[in-house]
Asks: 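To start, I am sharing the structure in question, which I have written as structure tokens.
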Amino acid sequence: MFRKILFPLDVQEPEFARAAFAEALRLAEVEGAELHLLTVIPGYGLPMVADFFPDDAGPRARSECERLAAKFVADNAAGKTVTITVAEGRPYEEIVGHAEKINADLILMPSHNRQGLHGVLLGSCADNVSRHASCSVLVVRGGGK
């Protein structure tokens, strides 16, 4: 049923994503699907942001995110093939855009179990992805607050 699965990873919260990633690996194996991991860094190149950071902040952030994503895959998917991509911009927009770019059949992502006014007023990345994605979205509740 699924040929390509996209797993968004916040490299600042690898412990939070571990259970959802295990489910993505399991599902990819059962379905014989490709697994793609995407991490998103802030848009350092935007004019209103760029003035606040050194010229090399964007490339350094990208390099560090690539390193952390590769470490996450090595620690959690030894021997498995996972394609890693680092994008720059608003997380939910980059996730939805990358899913379309690779023709993903499924986005499988972790989500904080936010309750109360914070979750209602601000929403979450998972909520935005599920509302805007053209493919199926599976949200796995994680260990975050």
Side-chain angles (χ1 to χ4, degrees), residues 1-46 48-115 118-119 122-145:
M1 182 171 173
F2 300 117
R3 292 170 293 134
K4 293 183 182 179
I5 299 171
L6 176 60
F7 183 82
L9 171 68
D10 180 345
V11 295
Q12 293 181 323
E13 296 188 284
E15 292 299 319
F16 171 73
R18 192 161 274 126
F21 188 67
E23 182 60 20
L25 283 169
R26 185 196 69 75
L27 192 56
E29 187 168 328
V30 166
E31 296 285 332
E34 295 174 17
L35 183 55
H36 295 258
L37 184 144
L38 174 72
T39 189
V40 181
I41 59 174
Y44 287 99
L46 297 172
M48 61 191 234
V49 175
D51 290 342
F52 294 98
F53 294 96
D55 291 342
D56 66 341
R60 283 190 11 236
R62 179 176 292 277
S63 177
E64 182 63 5
C65 282
E66 287 170 351
R67 185 188 71 75
L68 291 171
K71 181 180 181 340
F72 180 84
V73 170
D75 290 348
N76 295 284
K80 307 286 184 187
T81 301
V82 179
T83 302
I84 298 170
T85 303
V86 177
E88 187 176 332
R90 295 178 69 183
Y92 90 87
E93 291 174 351
E94 294 300 322
I95 293 165
V96 169
H98 193 69
E100 290 174 4
K101 179 180 177 183
I102 66 168
N103 295 315
D105 306 293
L106 175 68
I107 300 170
L108 190 152
M109 62 188 302
S111 177
H112 291 282
N113 190 14
R114 291 199 172 120
Q115 297 180 0
H118 184 272
L122 299 179
S124 68
C125 185
D127 179 52
N128 281 322
V129 168
S130 66
R131 285 188 288 124
H132 294 96
S134 59
C135 64
S136 295
V137 178
L138 174 60
V139 178
V140 177
R141 292 286 179 204
K145 295 180 181 176

Asks: Distance-only, no hydrogens or angles: does the H98 side chain make a donor-acceptor pair with backbone N or O of E94 under 3.5 Å?
Replies: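 Pair absent, no side-chain N/O of H98 close to backbone of E94.
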Asks: Counting only heavy atoms not in R3, do more than 12 fall under 6.0 Å of its CZ?
Replies: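 No.
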Asks: At what distance, to the nearest 0.5 angstrom, does CG of N103 lie from NE2 of H36?
Replies: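 Spacing of CG (N103) from NE2 (H36) equals 9.5 Å.
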Asks: Could you tell me whether a side-chain N or O of K80 sits under 3.5 Å from a main-chain N or O of L25, the two making a donor and an acceptor?
Replies: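 Such a contact is absent between K80 side chain and L25 backbone.
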Asks: Kindly give the heavy-atom pair with the smallest separation between A24 and L35, and that separation in Å.
Replies: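 For A24 and L35, the tightest heavy-atom pair comes out as CB-CD1, 4.0 Å.
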Asks: Working to the nearest 0.5 angstrom, can you tell me the gap between I102 CD1 and K4 NZ?
Replies: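 Separation between the atoms: 6.0 Å.
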Asks: Is any side-chain heavy atom of I107 closer than 4.5 Å to a side-chain heavy atom of P8?
Replies: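 They are in contact (side-chain heavy atoms under 4.5 Å apart), so the answer is yes.
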Asks: Between F7 and A17, which heavy-atom pair has the shortest distance, and what is it?
Replies: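 Closest pair (atom of F7, atom of A17, distance): CZ-O, 3.7 Å.
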Asks: Please enumerate all residues that pass salt bridge (Lys or Arg N to Asp or Glu O under 4.0 Å) together with E93, with sequence neighbours excluded.
Replies: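 Salt bridge (Lys or Arg N to Asp or Glu O under 4.0 Å) list for E93, sorted by chain: R90.
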Asks: Apply side-chain contact (heavy atoms from CB on, under 4.5 Å) to the pair L37 and F21, showing each step before the final yes or no.
Replies: CA-CA 9 Å; L37 184 144; F21 188 67; 4.0 Å; yes
Asks: Mark yes or no for whether R62, through its side chain, and V86, through its backbone, hold a donor-acceptor pair below 3.5 Å.
Replies: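 Pair found, side chain donor or acceptor close to backbone of V86.
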Asks: Could you state the interatomic distance from CG (D127) to NE2 (H132), rounded to the nearest 0.5 Å?
Replies: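 Between D127 CG and H132 NE2, I get 9.0 Å after rounding to 0.5 Å.
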Asks: Please name the pair of heavy atoms, one in A87 and one in L38, separated by the smallest distance, quoted to 0.1 Å.
Replies: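 Nearest pair, atom of A87 first, then L38: CB-CD1, 3.9 Å.
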Asks: Output the distance between atom CD1 (I41) and atom CG (D10), rounded to the nearest 0.5 Å.
Replies: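 Rounded to the nearest 0.5 Å, the CD1-CG separation comes to 12.5 Å.
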Asks: Side chains of C125 and M109: closer than 4.5 Å at any heavy-atom pair?
Replies: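 Yes, close enough: below the 4.5 Å cut-off.
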Asks: Does E31 use its side chain to pair, donor to acceptor, with the backbone of M1 at less than 3.5 Å?
Replies: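 Flag set: sc E31 to bb M1 pair under 3.5 Å.
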Asks: Is S136 reaching over with its side chain to a backbone N or O of L106, donor-acceptor style, under 3.5 angstrom?
Replies: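 Pair absent, no side-chain N/O of S136 close to backbone of L106.
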Asks: Just how far is it from atom CG of L138 to atom CG of L108, taken to the nearest 0.5 Å?
Replies: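 These two atoms lie 4.5 Å from each other.
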Asks: Step by step, would you call T83 with E34 a side-chain contact (heavy atoms from CB on, under 4.5 Å)?
Replies: CA-CA 8 Å; T83 302; E34 295 174 17; 5.7 Å; no
Asks: Using 0.5 Å steps for rounding, measure from the OG1 atom of T85 to the NZ atom of K101.
Replies: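 That separation rounds to 7.0 Å.
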Asks: Using salt bridge (charged side-chain N to carboxylate O under 4.0 Å, His left out), reason through E29 and R26 one step at a time and then give a plain yes or no.
Replies: CA-CA 5 Å; E29 187 168 328; R26 185 196 69 75; over 6 Å; no
Asks: Quick check: closest heavy atoms across V11 and A69, and the distance to 0.1 Å?
Replies: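 Minimum heavy-atom separation between V11 and A69: CG1-N, 4.0 Å.
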Asks: Looking at every heavy atom in both G89 and V40, which two are closest together, and how far apart are they?
Replies: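 Minimum heavy-atom contact is O-CG1, 3.4 Å.
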Asks: What are the two closest heavy atoms between P110 and F16, and how far apart are they?
Replies: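 In terms of heavy atoms, the two residues are closest at CB-CE2, 3.7 Å.
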Asks: Could you walk me through whether F2 and L27 pass side-chain contact (heavy atoms from CB on, under 4.5 Å), step by step?
Replies: CA-CA 9 Å; F2 300 117; L27 192 56; 4.2 Å; yes
